[in-house]
**Student:** 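Below: one structure in structure tokens.
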Amino acid sequence: MSQPEANSNILIPHRLPFAFSATTGGYARLWLSNLVLSVLTLGIYSAWAKVRTLKYLYGHTKVAGGRFGYHASPIAILKGRALMVGLFVLWQLSAEFSPVLQGLLGAGAAGLAPWLAVQAMRFRLANTSWSGMRLHFDGQTGAAYRAFFKSWLTLLLSLGLLWPLATLQKQRYLLPHSRLGQASLAVAPCSGQLYLAGLGSLLISGCYAALVTLLCWSLLQIGHSLVSGDATSTLSSTISIVGGAIWLIATLGYTSLSIRNVLINHTSLLLNGRHHTLSWRLPAYQRMEMALINTLALAFSLGLAWPWVRIRTLRATFGQLTLQGGADLAQLYTQGQSQHDARGDELAELLALDLGW
């Protein structure tokens, strides 16, 4: 892939739109082959499936003339998953010997969460590149424990009411240590906007409830005209359960999009003391429509619409995402190549773990 000439005369426009060129057909073929091979190998191939999927999606994403890439080893992913499955089985079996032992193992696993988060971030970023330059994560484990415990303590003492603040406490640790060359990410205070996103999600969940109730009522009327007797109660229970699942998944989907919208719009790329802000403009009505249509498509296709849903969501994300930059972004090419820190790559190879986070 060609990249801009690495000198100070490179002019990069102020507004840098992201571009996403993956197609539903291309992704569907990849998804189907991955699914078949994963089933035939009892899940072992899923590690290779993840690498193939991310290589495809990253490779079709561009910004500022540079393309993203994914370089992880499937063996590393397989080892990480085997470790997590083994620990989960051990935790389950411990209940046969002592519930106290199971509780202690669970508490130990929770205590390892900050350390695991650091290793996962190092692995993920060390195996991600932009324009041929590897990203890296230089956060220290001690700082991770302070940030995570501060976040958990905030949630505990506020009974969950201060979840926006708790979210930001972790993000303020993770983002500044995520680097590309000498550039790093930063997040601005946005607790108020996160609260508004949460309140908006509550209102949208009510709208979803009304729409799903109407849909279920219509399906019941049709079903009652076709069946009778005991089948009627079975049909009613089935439609109610499916309707409840659709409402829950759609609500969670909208909430996720809304929180992501706030966090992205308060995230910036910090280079040479200058902030280059990310901007993602996806109105609430579009998020509402996307979450509901995606959920209905998955429900009525029994999951077969997943390729269409994923590509549709990514197109909506990157189609509205821009980086407000300047000419000094060209320094990423020179600084990224000459001052690349390989510690993340080396540690990732040493640990050889992807925990799936």
Side-chain angles (χ1 to χ4, degrees), residues 31 34-55 57-58 70-128 135-156 160 163 166-167 169-171 173-175 177-178 248-249 252 256 259 303 306 343-357:
W31 174 78
N34 285 341
L35 178 63
V36 171
L37 290 171
S38 296
V39 171
L40 292 177
T41 59
L42 302 179
I44 295 176
Y45 187 80
S46 63
W48 281 261
K50 178 178 179 178
V51 172
R52 291 180 65 198
T53 298
L54 293 180
K55 279 182 178 290
L57 295 176
Y58 281 33
Y70 187 72
H71 314 279
S73 164
I75 295 297
I77 295 174
L78 186 62
K79 289 164 63 177
R81 290 181 175 178
L83 174 63
M84 299 305 288
V85 170
L87 291 176
F88 178 75
V89 171
L90 178 64
W91 179 73
Q92 288 283 72
L93 292 177
S94 66
E96 300 293 331
F97 300 96
S98 169
V100 175
L101 176 61
Q102 187 180 40
L104 290 175
L105 289 175
L112 287 175
W115 178 83
L116 292 174
V118 170
Q119 309 314 318
M121 285 294 291
R122 284 178 175 169
F123 183 94
R124 181 184 304 168
L125 294 188
N127 288 288
T128 300
L135 284 73
H136 63 281
F137 184 78
D138 61 6
Q140 300 301 310
T141 303
Y145 272 94
R146 288 192 294 272
F148 274 68
F149 280 127
K150 185 177 180 180
S151 174
W152 293 341
L153 188 62
T154 299
L155 282 175
L156 180 63
W163 64 266
T167 299
Q169 287 169 339
K170 286 194 290 187
Q171 293 297 319
Y173 163 73
L174 294 172
L175 292 182
H177 294 290
S178 301
L248 178 61
I249 295 173
L252 291 176
S256 175
I259 292 176
W306 172 247
R343 288 175 297 174
D345 303 62
E346 293 167 359
L347 186 56
E349 290 300 321
L350 177 63
L351 292 171
L353 293 177
D354 174 25
L355 304 175
W357 293 10

**Student:** Considering residues at least two apart in sequence or located in another chain, which fulfil the side chain to side chain contact (heavy atoms under 4.5 Å, CB included) criterion with Ser256?
**Tutor:** Arg260

**Student:** Which residues satisfy the side chain to side chain contact (heavy atoms under 4.5 Å, CB included) test with Ala166, sequence neighbours excluded?
**Tutor:** Ser151, Thr154, Leu155, Gln169

**Student:** Would you name the heavy atoms of Trp152 and Pro114 that are closest together and state the gap between them?
**Tutor:** CH2-CD, 3.9 Å

**Student:** Please tabulate, for the side chains in residues 84-100, all donor-acceptor contacts under 3.5 angstrom to protein atoms that are two or more places apart in sequence or on a different chain.
**Tutor:**
| residue | atom | partner | partner atom | Å |
| --- | --- | --- | --- | --- |
| Trp91 | NE1 | Gln102 | O | 3.0 |
| Ser94 | OG | Trp91 | O | 2.5 |
| Ser98 | OG | Val100 | N | 3.2 |
| Ser98 | OG | Leu101 | N | 3.3 |

**Student:** Determine whether a donor-acceptor pair (N or O, by modelled atom type, separation under 3.5 Å) exists between the side chain of Tyr70 and the backbone of Thr53.
**Tutor:** no

**Student:** Any non-hydrogen side-chain atom of Asn34 less than 4.5 Å from a side-chain atom of Lys50?
**Tutor:** no

**Student:** Quick one: side chain to side chain contact (heavy atoms under 4.5 Å, CB included) partners of Ser178, sequence neighbours excluded?
**Tutor:** Met121, Leu125, Phe137, Leu185

**Student:** For Tyr58, enumerate each residue passing the side chain to side chain donor-acceptor pair (under 3.5 Å) test, keeping only those at least two apart in sequence or located in another chain.
**Tutor:** none

**Student:** Short question: side chain of Lys170, backbone of Phe148 - any donor-acceptor pair under 3.5 Å?
**Tutor:** no

**Student:** Are any non-hydrogen side-chain atoms of Trp163 and Ile259 less than 4.5 angstrom apart?
**Tutor:** yes

**Student:** Do you know the tightest heavy-atom contact between Arg81 and Ala47?
**Tutor:** NH1-N, 3.6 Å

**Student:** Measuring from atom OG1 of Thr141 to atom CG of Leu116, what distance do you get when rounded to the nearest 0.5 angstrom?
**Tutor:** 10.0 Å

**Student:** Return the set of residues passing side chain to side chain donor-acceptor pair (under 3.5 Å) with Thr128 (not counting sequence neighbours), or none when no residue passes.
**Tutor:** none

**Student:** Are any of the side-chain heavy atoms of Val118 and Phe123 separated by less than 4.5 Å?
**Tutor:** no

**Student:** Would you say Lys55 has more than 12 foreign heavy atoms packed within less than 6.0 Å of its NZ?
**Tutor:** yes

**Student:** Can you give me the closest heavy-atom contact between Ser73 and Val51, atom names plus distance?
**Tutor:** C-CG2, 4.4 Å

**Student:** Apply side-chain hydrogen bond (donor to acceptor under 3.5 Å, both in side chains) to residues His71 and Asn127 and explain how you reach the verdict.
**Tutor:** CA-CA 5 Å; His71 314 279; Asn127 288 288; over 6 Å; no

**Student:** Could I get the full list of side chain to side chain contact (heavy atoms under 4.5 Å, CB included) partners for Leu35, not counting sequence neighbours?
**Tutor:** Trp31, Val39

**Student:** Is there a donor-acceptor contact under 3.5 Å from the side chain of Arg122 to the main chain of Gly139?
**Tutor:** yes

